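Some notes on the structure that comes next.
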Amino acid sequence: MSTDQVAVRERRKAIGFVLPALVWTLCFFVLPFAFMVVMSLWQRIGTKIVHTWSLDNYAAFFAKPHFLQGLVNSLEITLSVTVISILLAYPLAWIIAMRIPERWQRAALILAILPFWTSYVVRSYAWMLVLARSGIINQSLLGIGIIDEPLELASTRTATIIGFVHFFVMLLTLTIYANLKQLSPNYARAAADLGAGPVRTFIHVILPLTIPGVMVGAFLTFVLCIGDYITPQILGGNKELVLPQIIMLQIGRRADLPAASALSILLMLVVTFVYVLSARWLKLERA
Amino acid sequence: MRLLSTWSGAIYAALIYGFIFLPVIVLVLFSFQGGRFPIPPFNGPSLKWYRSVLADSTLIDALLNSLLVALSSSAIACLLGFLAAYGLARHRLPAAGVQRALLTAPVTVSYLIIGLGLLITFNTFGVAKSLMTVGIGHIVINAPLCFAIIYSQMGAHQENIERAARDLGAADWQVMWLVTAPMLMPAIMASYFLSVTFSWDEFIIAFLLSRFDVTLPVEIWSLLRSGLNPKTNAVGSIVFLISILLLVVIELTVFQKVTRR
């Protein structure tokens, strides 16, 4: 047998290893996506799906105010969540990375992750308990006498944002911590040698160096937050719907798969757009 | 000054940790509620809601369904990921970059969209919704993770050992099964348990692709319709306990081995 034949046989064997995963991805990921694109170009008329090609489902998005409002709600909530989570997580990550002794840091991080080992659905429910009219927050505040009337916290946009921030503070603490640990302590030392105080060192040296890592975390937060259905559905009180809720309404109550498909593709386009934006301007790939 | 910053740092950290732990503490505390509602005042402790969960066969079935789907779909996801990683790391294949990109692509798409695509596909071919279709969905989301983790751990030093085994007369499957797989066991186990965790907790795909037999998150979802109920607290606390046990098992088996090396 010549070496060429051996090489061909080896290659065929190697393809055999990769093939099951490739076939799986093609059948259950690529093909469904193609079906979804096709479906988004068809129409639902009555209870039937009619195979006429048009962009009506996409046009409907811009024609129906409540669809567009869904996107606006999604963007507003996602941006608030991203900004608040970064502002809350950065100092905590800083404290864990710089102030806590090395051997306790791992424990501090595990402690931060621990509460997220409940079921995802249950976590939103738990916030419902905390924020309810007669829940623990209202009762404590009433008890101390800060408020006279219980606050309407549950079933509001605020509740949705709190539920999201809870999760993303943990996630961002982890990513920013990892980022701070990678930083060589020499930067801070050099800045101090050159006469900068701790505040100036932070603003002019540490912060700029960690921005790329923070942006990666921010992008992750954006993607996971804008695609989420559970938190706004449980905590948001069905008043201001976000895009995933509108998509689920099309699937469930209205059985309008073409509209749901078109909205899903629009949601993907928004995420892709943000990705392109942040990859180009914020040098995502460097981090 | 120094003292002040230490104190303010400690208070800040305590506040954020308090925020992170608040819902879980309330959840677990009021699962022991004696009264009908999981809100203050607390009167208990009582185990009656746990008894009511254990007596609820729908919930127990859902829990078993979840375990079945998580354990079996993760095994397949892991196998697919391992084989693909082995093929791509050990051989030079045409368009290897494209293959890698394709295999990891599902990570970038939200679960809702993966679920909707599969729903449309199964509808088109008239496949009935079942635990099987949920499992297929979970393999789609978890196989890329298993592939990425195992692929990243396949280094050159293992390749030399594999070559030695081959020189000593081992057949291909023997090399893979007796040499490569044991060497990569920490990565394989890590990706398996990670995959189990994701599948165990996954809601939207399970919701879209199941019908009569449902998984635990979907069953809990329908419990929520009854509003605030200590029984939901009890289920949530049980899920929490199981997940923590899983975490301890991973910590003791997988990561201890990694650090010992």
Side-chain angles (χ1 to χ4, degrees), chain A residues 10-11 13-18 20-22 24-26 28-33 35-36 39 88 91-92 95-96 99 111-112 114-115 117-123 125-130 132 134-136 139 166 169-170 223 227 229-230 234 244 247-248 251 257 260-261 264 267-268 271, chain B residues 6 9 12-13 16-17 19-24 26-27 30 38-40 80-81 83-84 86-88 90-91 93 99 102-103 105-106 109-114 116-121 124 136 139-140 143 147 172 201 203-204 208 216-217 220-221 224 228 232 235-236 239-240 243-244 247:
Chain A
E10 279 298 307
R11 174 171 291 182
K13 227 183 294 169
I15 292 174
F17 287 123
V18 189
L22 281 179
W24 189 277
T25 311
L26 287 175
F28 298 115
F29 178 70
V30 178
L31 184 74
F33 189 70
F35 273 29
M36 200 168 84
M39 186 62 90
L88 289 177
L92 183 64
I95 291 166
I96 296 175
R99 286 279 184 268
L111 196 64
L114 204 66
W117 285 75
T118 47
S119 157
Y120 189 25
V121 177
V122 170
R123 218 162 52 225
Y125 165 78
W127 273 111
M128 218 159 87
L129 290 180
V130 173
S134 44
I136 200 145
Q139 297 228 2
H166 181 235
V169 161
M170 180 275 293
V223 173
Y229 167 72
I230 295 177
I234 294 180
I247 295 173
M248 287 299 283
I251 300 173
L257 289 180
S261 303
S264 300
L267 180 61
M268 267 186 81
V271 172
Chain B
T6 307
Y12 184 81
I16 299 283
Y17 273 101
F19 170 65
I20 288 177
F21 271 87
L22 179 64
V24 167
V26 172
L27 179 84
F30 285 98
I39 43 174
L80 290 176
L83 290 176
Y86 185 78
L88 280 168
R90 291 289 176 264
H91 301 272
L93 288 173
Q99 295 190 32
L102 185 65
L103 290 178
V109 178
S110 92
Y111 288 1
L112 173 58
I113 293 171
I114 290 177
L116 177 60
L118 283 170
L119 178 70
I120 293 170
T121 311
T124 309
I136 289 175
I139 295 169
V140 172
F147 167 73
D172 274 325
D201 201 20
F203 169 75
I204 199 89
L208 289 174
L216 192 57
I220 293 175
W221 178 260
L224 291 190
L228 303 183
T232 314
V235 181
V239 172
F240 187 43
S243 306
I244 294 292
L247 184 71

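Please read all numbers here as calculations on a predicted model, not as lab measurements. Just so you know, these numbers use all the heavy atoms, side chains as well, and skip hydrogens, waters and symmetry mates. Chain letters run A, B, ... following the sequence lines, proteins first, then strands; residues in each count from 1.
The candidate from A/Pro115, A/Pro244, A/Ala126, A/Ala21 with the greatest count of non-hydrogen atom pairs under 4.5 Å with chain B is A/Pro115. Of the listed residues (B/Leu103, B/Leu208, B/Val235), the one with the most heavy-atom contacts under 4.5 Å to chain A is B/Leu103. For the set B/Leu118, B/Ile244, B/Ile220, B/Leu216, the count of heavy-atom pairs under 4.5 angstrom toward chain A peaks at B/Leu118. Options A/Gly16, A/Pro20, A/Ser134 differ in how many heavy-atom pairs under 4.5 Å they form with chain B, and the most are formed by A/Ser134. Looking only at heavy-atom pairs under 4.5 Å with chain B, the residue among A/Val223, A/Ile136, A/Leu257 that has the most is A/Ile136. Of the listed residues (A/Leu111, A/Val169, A/Ile251), the one with the most heavy-atom contacts under 4.5 Å to chain B is A/Leu111. Highest contact tally toward chain B, considering only A/Gly227, A/Gly135, A/Ser119, is held by A/Ser119 [criterion: heavy-atom pairs under 4.5 Å]. Here B/Phe19 is the residue among B/Phe19, B/Phe147, B/Phe203, B/Tyr86 with the most heavy-atom pairs under 4.5 Å with chain A.
Interface residue B/Ile114: only side-chain heavy atoms are found under 4.5 Å from chain A. Proximity to chain A involves both the backbone and the side chain of B/Leu88, based on heavy atoms less than 4.5 angstrom apart. Contact annotation for B/Ile20: both backbone and side-chain heavy atoms come within less than 4.5 Å of a heavy atom of chain A. Looking at B/Leu102, the atoms closer than 4.5 Å to chain A (heavy atoms on both sides) sit in the backbone and in the side chain alike. With a threshold of 4.5 angstrom between heavy atoms, A/Tyr120 approaches chain B through its backbone and through its side chain. Contact annotation for A/Leu114: both backbone and side-chain heavy atoms come within less than 4.5 Å of a heavy atom of chain B. In this structure, the portion of A/Thr25 lying under 4.5 Å from any heavy atom of chain B is its side chain and not its backbone. Contacts between A/Val30 and chain B at a heavy-atom distance below 4.5 Å involve the side chain alone, from C-beta outward. Within the 4.5 angstrom heavy-atom criterion, atoms from both the backbone and the side chain of A/Ala112 approach chain B. In this structure, chain B has heavy atoms under 4.5 Å from both the backbone and the side chain of A/Ile15. At a 4.5 Å heavy-atom cutoff, the contact between B/Leu119 and chain A is made by side-chain atoms alone. For a residue to count as touching a neighbouring chain, one of its non-hydrogen atoms must lie under 4.5 Å from one of that chain's; by this rule B/Leu27 touches chain A with backbone and side chain alike. Only the side chain of A/Ile96 comes within contact range of chain B, judged by heavy atoms closer than 4.5 Å. Looking at B/Val109, only its side chain comes within 4.5 Å of chain A, counting heavy atoms on both sides. Contacts between A/Ile95 and chain B at a heavy-atom distance below 4.5 Å involve the side chain alone, from C-beta outward. The contact between B/Ala13 and chain A is made by backbone and side chain atoms together, counting heavy-atom distances below 4.5 Å.
Closest approach of A/Phe29 and B/Ala105 over heavy atoms only: CE2-CB, 3.8 Å. Contact detail for A/Ser264 and B/Ile113: the closest heavy-atom pair is O-CD1, 3.5 Å. Across A/Thr118 and B/Gly236, no two heavy atoms sit closer than the pair CG2-O, 4.3 Å.
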Item to check | Steps toward side chain to side chain contact (heavy atoms under 4.5 Å, CB included) verdict (A/Val122, B/Thr232) | outcome: CA-CA 8 Å; A/Val122 170; B/Thr232 314; 5.5 Å; no
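Here CE of A/Met248 is found 9.0 Å from CG of B/Leu116. Values are rounded to the nearest 0.5 Å. Rounded to the nearest 0.5 angstrom, A/Lys13 NZ and B/Asp172 CG are separated by 3.5 Å.
Under the rule for a side-chain contact (heavy atoms from CB on, under 4.5 Å), the partners of B/Ser243 that lie at least two apart in sequence or sit in another chain are A/Trp117, B/Trp200, B/Val239. Every side chain to side chain donor-acceptor pair (under 3.5 Å) that A/Tyr125 has, sequence neighbours left out, goes to B/Asn233.
The aromatic rings of B/His91 and A/Phe17 sit parallel to each other, their planes meeting at less than 30°, with 60° as the upper class boundary.
Ring centers of B/Trp221 and A/Tyr229: under 6.0 Å apart, within the cut-off.
Counting only heavy atoms from C-beta outward, the side chains of B/Tyr12 and A/Leu88 approach each other to under 4.5 Å. Between B/Thr121 and A/Phe28 there is no side-chain heavy-atom pair separated by less than 4.5 Å. Side-chain contact between A/Leu129 and B/Leu228: present, with at least one pair of heavy atoms (C-beta onward) separated by less than 4.5 Å. Counting only heavy atoms from C-beta outward, the side chains of A/His166 and B/Leu22 never approach each other to under 4.5 Å.
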